[in-house]
Engineer: 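There's a structure below that I have some questions on.
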Amino acid sequence: MSVTRERLVEVLEEIALLLEIQGENPFKIRAYRQGAEVVSGYDGDIVALARDNKLEGIKGLGDALRDKLHELATTGELEFHKKLRVGYPDSFFDLFDLDGLGPKKIAVLNRELKVDSIPSLKAACEAGTVAGLPGFGAKTQTKILESLARREQSAEAFRLDIAIQAAEDILEVLRLHPEVLRASVAGSTRRSKEIVHDLDFIVATPKPAELTAFFAKQGFAKEVIAQGDTKCSIRLESGMQCDLRAVSNDQYPFALFYFTGSKEHNVAIRSRALKKGWSLNEYAFSGENVPTNIHDEADIYRALGLDFVPPELRENRGEIEAADDGKLPRLLEWENLRGTFHNHTTESDGKASLNAMAEGARELGLQYLGIADHSKSSPQANGLSPERLATQIQTIVAWNKEHGSDQFRLFSGSEVDILKSGDLDFEDDLLASLDYAVASVHNALTLDEEEMTKRIIKAMENPYITMLGHLTGRLLLRRDGYAVNHEKIIDCAAETRTVIELNCNPKRFDMDWRWWHRARDKGVLCSINPDAHSVNQLQYLRFGASVARKGWLRREDVVTTKPLKEMEEWLKLPKPKR
DNA sequence: GCCGTTTTCGGCCCGACTGTTTTCAGTCG
């Protein structure tokens with residue numbers, strides 16, 4: 001059995017956690033954690049290198065880690081890790097996912113109360129014994145319970161990127177089946193909701209029962225919840241439920257429409273059908289003189305006198321009226337994107353070098369890539385000092401000279417911290433020497449809404465701030481965004497000509513899609529930015545395009561659709577003229 | 001445990017916030 005890169009990373013991370021529990025030297029712990037990062041982000045076959053004892057020279061892997069990785073890659077096990085792990089079940093590591101609990105508290109819980117899993121922690125909190133531990137109190141216990149409740153609530157919720165990956169893998173299997181004519185994912189995944197609860201698949205087939213049976217016996221089906229002749233529900237390893245509906249080719253457009261939703265959109269569409277004397281269900285129109293020749297979803301909308309409504313817009317937020325008036329926007333397409341601005345490199349907390357990021361962007365077909373590493377007030381992210389930033393600007397100038405062309409170049413920027421006061425982390429002189437700057441909040445997240453809004457507005461009023469990064473700082477399924485008045489920020493963006501970022505890292509999707517239509521109507525421009533910390537994460541731009549569509553954005557609303565020459569001119573304009 | 005044009009020991013990121021304390025430990029970013 002060969003060891004995977006993921007396994008190497010997992011073992012190093014577990015060692016770091018276990019050493020923390022034991023109160024080891026924090027720098028040693030960091031060395032393991034950084035080792036895990038290096039292995040995870042290494043550009044090349046790190047497993048083979050470890051096996052062949054050829055790790056020498058990789059920064060961050062010293063003698064000790066090289067030996068351990070070699071042992072792990074050759075034998076599949078690591079004695080050091082095995083010894084550390086004695087007495088800690090797999091479930092123990094779940095505890096580290098809880099907000100407000102770190103290694104020290106977990107160590108106390110484990111030592112004093114034998115807590116070694118989420119359920120045993122919950123029992124201890126409910127029994128009230130946690131509050132009595134040294135360093136703990138009633139509030140801590142309450143906070144843990146809240147964190148546990150949040151975790152339970154989101155247990156069956158998944159981020160869009162996770163859902164799409166799972167859906168694509170399953171669709172590939174379904175489409176290869178010889179009796180499948182058409183197959184699609186439906187539901188909230190198809191609508192590009194930021195969080196989805198389950199996956200719905202629709203297949204068109206002359207042999208539905210054969211398909212449901214086929215679905216149930218796939219390796220990815222860890223549990224079969226229900227299996228009939230036309231419907232099958234399974235659960236994946238991840239806990240995600242997947243429903244398959246197998247219908248005839250005639251029924252397919254109706255089923256796809258019906259199970260794509262949203263429920264509210266469907267209700268509105270059905271009532272529209274009723275006005276014409278037809279009823280509409282997941283299989284067909286029924287009633288007198290029902291339309292025939294329905295081959296795809298567009299035919300259903302057409303029969304009801306509507307333009308085709310793209311799935312992303314089906315939330316009953318005005319799309320049906322617009323489709324009726326022929327006023328649906330021509331939505332942005334992923335292919336329209338020409339560049340992106342908020343990306344990190346190894347200079348701060350990214351995993352890929354400047355050069356690797358640039359090559360990745362070029363391969364993706366982009367014409368420009370903006371480098372925006374962290375600023376000095378984010379030391380946890382290795383934020384740049386003014387001197388380091390000045391050096392990076394020179395590096396980028398040199399890179400462009402050597403590798404740039406009229407087809408591709410780098411822009412030098414910064415993700416500059418908005419300090420608690422609303423001041424920026426760099427002086428204006430330095431900001432002015434950049435091609436652009438993204439301003440983001442990374443600390444003092446608990447200000448009240450008024451203070452936070454004032455703070456952000458102050459930053460946006462700076463003439464050198466091109467755009468505002470992740471407006472609310474939310475981390476989906478993990479942390480709510482900070483309190484901020486969206487209306488006021490949008491108005492300020494319109495007035496000061498500050499672009500608002502659509503951070504399309506699927507952990508964020510921030511600003512939320514629900515606000516973009518309003519921002520667009522006020523003339524606010526959007527920049528779709530992946531907040532990429534690795535070359536792969538540049539791919540998040542695809543999600544960004546979907547979420548922008550969900551926010552009713554057109555090509556002209558998204559500044560990163562500008563081709564390189566236009567973008568160079570645009571960035572040179574004084575902010576009020578943009 | 002890692003690193004080094006300050007080279008083999010002594011640094012390595014640090015401030016804000018919270019809840020527990022009564023001067024500070026733990027967590028987070």
Side-chain angles (χ1 to χ4, degrees), chain A residues 11-13 15-39 55-70 78 80-81 84 95-111 130-147 344 346-349 373-385 388 415-421 423 425 440-448 451-452 455 469-470 472-475 478-483 505 507-508 531 533:
Chain A
V11 170
L12 293 181
E13 279 173 351
I15 290 173
L17 289 175
L18 292 164
L19 293 176
E20 268 186 315
I21 286 286
Q22 300 184 347
E24 253 287 7
N25 173 3
F27 298 110
K28 189 187 209 176
I29 293 159
R30 192 204 291 173
Y32 277 97
R33 199 153 276 146
Q34 279 179 343
E37 294 255 312
V38 168
V39 171
L55 293 169
E56 183 117 28
I58 299 176
K59 200 165 181 304
L61 302 181
D63 295 343
L65 263 67
R66 280 201 297 271
D67 285 350
K68 289 189 170 73
L69 287 169
H70 178 61
L78 180 61
F80 178 68
H81 172 243
L84 276 175
L95 296 171
F96 292 88
D97 291 338
L98 292 167
D99 263 351
L101 271 194
K104 294 289 160 54
K105 286 207 160 77
I106 290 174
V108 173
L109 287 164
N110 182 256
R111 193 170 58 238
V130 169
L133 291 171
F136 289 69
K139 282 200 178 172
T140 308
Q141 180 169 283
T142 308
K143 280 187 92 173
I144 294 175
L145 278 168
E146 282 167 4
S147 182
H344 298 270
T346 43
E347 193 62 26
S348 64
D349 60 348
D373 274 315
H374 286 283
S375 63
K376 64 179 193 298
S377 287
S378 283
Q380 81 285 350
N382 191 21
L384 276 61
S385 63
R388 285 172 64 209
E415 183 182 16
V416 55
D417 270 16
I418 303 175
L419 307 179
K420 189 174 178 182
S421 60
D423 290 335
D425 206 9
S440 305
V441 167
H442 288 116
N443 62 7
L445 308 180
T446 51
L447 294 186
D448 65 34
E451 286 289 310
M452 185 63 90
R455 169 189 187 183
H470 48 65
T472 73
R474 73 179 182 185
L475 292 174
R478 284 192 61 87
R479 184 181 77 195
D480 289 341
Y482 28 80
N505 187 311
K507 289 179 187 158
R508 296 185 182 270
D531 200 348
H533 286 70

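Treat the numbers as computed from the prediction; the structure is a model and nothing was measured. Values below: every heavy atom of this structure, side chains too, minus hydrogens, waters and symmetry copies. Letters A, B, ... mirror the listed sequences (proteins, then strands); counts begin at 1.
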Engineer: Is the CG atom of D97(A) crowded by more than 12 outside heavy atoms at less than 6.0 Å?
Structural biologist: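 Yes, because the 6.0 Å sphere around CG of D97(A) holds more than 12 heavy atoms from other groups.
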Engineer: Return no unless some side-chain N or O of K68(A) is found under 4.0 Å from OP1 or OP2 of dG1(B).
Structural biologist: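 For dG1(B), OP1/OP2 do have a side-chain N/O of K68(A) under 4.0 Å.
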Engineer: Measure CG/L17(A) against P/dG26(B) and give the value in whole Å, please.
Structural biologist: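 Atom CG in L17(A) sits about 16 Å away from atom P in dG26(B).
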Engineer: When you compare dT6(B) with dC2(B), how far apart are their P atoms, in angstrom units rounded to a whole number?
Structural biologist: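 Going atom to atom, P in each nucleotide, I get 23 Å.
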Engineer: Atom CD of Q34(A) and atom P of dG11(B): how far apart are they, to the nearest Å?
Structural biologist: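 These atoms are roughly 19 Å apart.
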Engineer: Using the side-chain heavy atoms of R479(A), tell me which of these nucleotides is nearest: dT27(B), dG1(B), dG29(B).
Structural biologist: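 Among dT27(B), dG1(B), dG29(B), the one nearest the side chain of R479(A) is dG29(B).
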Engineer: Taking any strand in view, what nucleotide pairs with dA25(B) in a Watson-Crick or G-U wobble way, both distances under 3.5 Å?
Structural biologist: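 Here dA25(B) is engaged in a pair, and the nucleotide opposite it is dT18(B).
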Engineer: Could you tell me if D349(A) and H533(A) have a donor-acceptor pair between their side chains, going purely by distance under 3.5 Å?
Structural biologist: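 Per modelled atom types, H533(A) and D349(A) side chains form a pair under 3.5 Å.
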Engineer: Does G35(A) reach a base, just sugar-phosphate, or nothing at all? Heavy atoms under 4.0 Å.
Structural biologist: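 The residue G35(A) makes no contact with any strand.
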Engineer: Starting at CG of N382(A) and ending at P of dC2(B), how long is that distance when rounded to a whole Å?
Structural biologist: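 The distance from CG of N382(A) to P of dC2(B) comes to 19 Å, rounded to the nearest Å.
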Engineer: Please report the interatomic distance CG(D63(A)) to CD(E56(A)), rounded to the nearest 0.5 Å.
Structural biologist: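 These two atoms lie 7.5 Å from each other.
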Engineer: Could you walk me through whether E415(A) and H344(A) pass side-chain hydrogen bond (donor to acceptor under 3.5 Å, both in side chains), step by step?
Structural biologist: CA-CA 9 Å; E415(A) 183 182 16; H344(A) 298 270; 3.2 Å; yes
Engineer: Just N and O in the side chain of K420(A): are any of them under 4.0 Å from OP1 or OP2 of dG15(B)?
Structural biologist: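 No, outside the criterion.
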Engineer: Base, sugar-phosphate, or nothing: which does P26(A) touch, judged by heavy atoms less than 4.0 Å apart?
Structural biologist: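 It contacts nothing in the nucleic acid.
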Engineer: Do D425(A) and K376(A) sit within salt-bridge range, that is, some charged N less than 4.0 Å from a carboxylate O?
Structural biologist: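 So D425(A) pairs with K376(A) through a salt bridge.
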Engineer: So does R30(A) get a side-chain nitrogen or oxygen closer than 4.0 Å to the phosphate oxygens (OP1/OP2) of dC13(B)?
Structural biologist: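 Result: yes.
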Engineer: Could you check how far CD1 of I29(A) sits from P of dG1(B), rounded to whole Å?
Structural biologist: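 Taking atom P of dG1(B) as the reference, CD1 of I29(A) is at 11 Å.
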Engineer: Determine, step by step, whether R479(A) and R474(A) satisfy the side-chain contact (heavy atoms from CB on, under 4.5 Å) criterion, reporting the C-alpha distance in whole Å, the side-chain angles of both residues, the deciding distance to 0.1 Å, and the verdict.
Structural biologist: CA-CA 6 Å; R479(A) 184 181 77 195; R474(A) 73 179 182 185; over 6 Å; no
Engineer: Could you work out which one of dG26(B), dT20(B), dC17(B) sits closest to the side chain of K139(A)?
Structural biologist: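 Nearest listed nucleotide: dT20(B).
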Engineer: Return the nearest nucleotide to the side chain of K143(A); candidates are dT27(B), dC14(B), dG19(B).
Structural biologist: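 The answer is dG19(B).
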Engineer: Please report the distance, rounded to the nearest Å, between CG in N25(A) and C1' in dG10(B).
Structural biologist: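 It works out to 12 Å between those atoms.
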Engineer: With DNA chain B as reference, determine whether P103(A) or A381(A) sits nearer its 5' end, using the nearest nucleotide of each.
Structural biologist: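 So the residue in question is A381(A).
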Engineer: Establish, with yes or no, whether the OP1 or OP2 oxygen of dG1(B) is under 4.0 angstrom from a side-chain nitrogen or oxygen of R33(A).
Structural biologist: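 Answer is no, no contact under 4.0 Å.
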Engineer: Determine the interatomic distance between P on dC9(B) and the same-named atom on dC14(B); round to the nearest Å.
Structural biologist: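 To the nearest whole Å, 24 Å.
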Engineer: Q380(A) has a side chain; which of dG29(B), dC2(B), dC17(B) sits nearest to it?
Structural biologist: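 So the nucleotide nearest the side chain must be dG29(B).
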Engineer: Considering only the C1' atoms, how many Å lie between dG29(B) and dC13(B), rounded to the nearest integer?
Structural biologist: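 Their C1' atoms lie roughly 11 Å apart.
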Engineer: Calculate the interatomic distance between E56(A) atom CD and dC2(B) atom P; express it in whole Å.
Structural biologist: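 Going from E56(A) (CD) to dC2(B) (P), I get 12 Å.
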Engineer: Using the C1' atom as the reference point in each nucleotide, state the distance between dT8(B) and dG4(B) in Å, no decimals.
Structural biologist: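 Nearest-Å result for dT8(B) against dG4(B) at atom C1': 9 Å.
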Engineer: When the distance from NE2 of H442(A) to P of dC13(B) is rounded to whole Å, what number comes out?
Structural biologist: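 So the NE2-P distance, H442(A) to dC13(B), works out to 18 Å.
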Engineer: Check the angle between the aromatic planes of Y32(A) and F80(A) and answer parallel, tilted or perpendicular using the 30° and 60° thresholds.
Structural biologist: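 If you compare the ring of Y32(A) with that of F80(A), the planes turn out parallel.
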Engineer: By nearest nucleotide on DNA chain B, pick out whichever of G62(A) and L133(A) is the more 5' one.
Structural biologist: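 Closest to the 5' end, via its nearest nucleotide, is G62(A).
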Engineer: Examine dT20(B): is either OP1 or OP2 under 4.0 Å from a nitrogen or oxygen in the side chain of T140(A)? Give yes or no.
Structural biologist: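 So the side-chain polar atoms of T140(A) do come within 4.0 Å of the phosphate oxygens OP1 or OP2 of dT20(B), strictly under.
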Engineer: Side-chain donor or acceptor of D63(A) under 3.5 Å from a matching atom on the base of dG1(B)?
Structural biologist: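 Result: no qualifying N/O pair found.
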Engineer: Among dG1(B), dT27(B), dG4(B), which nucleotide sits nearest the side chain of A64(A)?
Structural biologist: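 So the side chain of A64(A) is nearest to dG1(B).
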Engineer: Using a heavy-atom cut-off of 4.0 Å across all strands, would you classify A16(A) as base, sugar-phosphate, or nothing?
Structural biologist: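 Nothing: the residue A16(A), judged by heavy atoms under 4.0 Å, touches no strand.
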Engineer: May I ask you to decide whether E13(A) forms a salt bridge with R33(A), counting only side-chain N to carboxylate O separations under 4.0 Å?
Structural biologist: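 No.
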Engineer: Please report the distance separating the P of dC28(B) from the corresponding atom of dT20(B), rounded so that it comes out in whole Å.
Structural biologist: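 Here dC28(B) and dT20(B) have their P atoms 15 Å from each other.
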Engineer: Using the C1' atoms only, state how far dG15(B) lies from dT5(B), rounded to an integer number of Å.
Structural biologist: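 These two C1' atoms come out 32 Å apart once rounded.
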Engineer: For dT18(B) and dT23(B), measure between their C1' atoms and round to the nearest Å.
Structural biologist: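 Result for the C1' pair: 15 Å, nearest Å.
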Engineer: Compare the minimum distances between each of dC17(B), dG1(B), dG4(B) and the side chain of Y32(A), then state the nucleotide with the smallest one.
Structural biologist: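 Nearest listed nucleotide: dG1(B).
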Engineer: Using whole Å, what does the distance between atom P of nucleotide dC2(B) and atom CG of L69(A) come to?
Structural biologist: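 About 10 Å, once rounded to whole Å.
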Engineer: From dG1(B), dC17(B), dC14(B), pick the nucleotide closest to the side chain of L65(A)?
Structural biologist: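 Of all the options, the side chain of L65(A) is nearest to dG1(B).
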Engineer: Could you give the distance separating dA16(B) and dG11(B) at their C1' atoms, to the nearest angstrom?
Structural biologist: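 Straight-line distance between the two C1' atoms is 25 Å.
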Engineer: Starting the side chain at C-beta, find the nucleotide from dC12(B), dT27(B), dC14(B) nearest to F27(A).
Structural biologist: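 Closest nucleotide among those given: dC12(B).
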Engineer: Syn or anti for dT6(B), taking syn as within 90° of 0?
Structural biologist: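 What dT6(B) shows is an anti base, its glycosidic angle lying more than 90° from 0.
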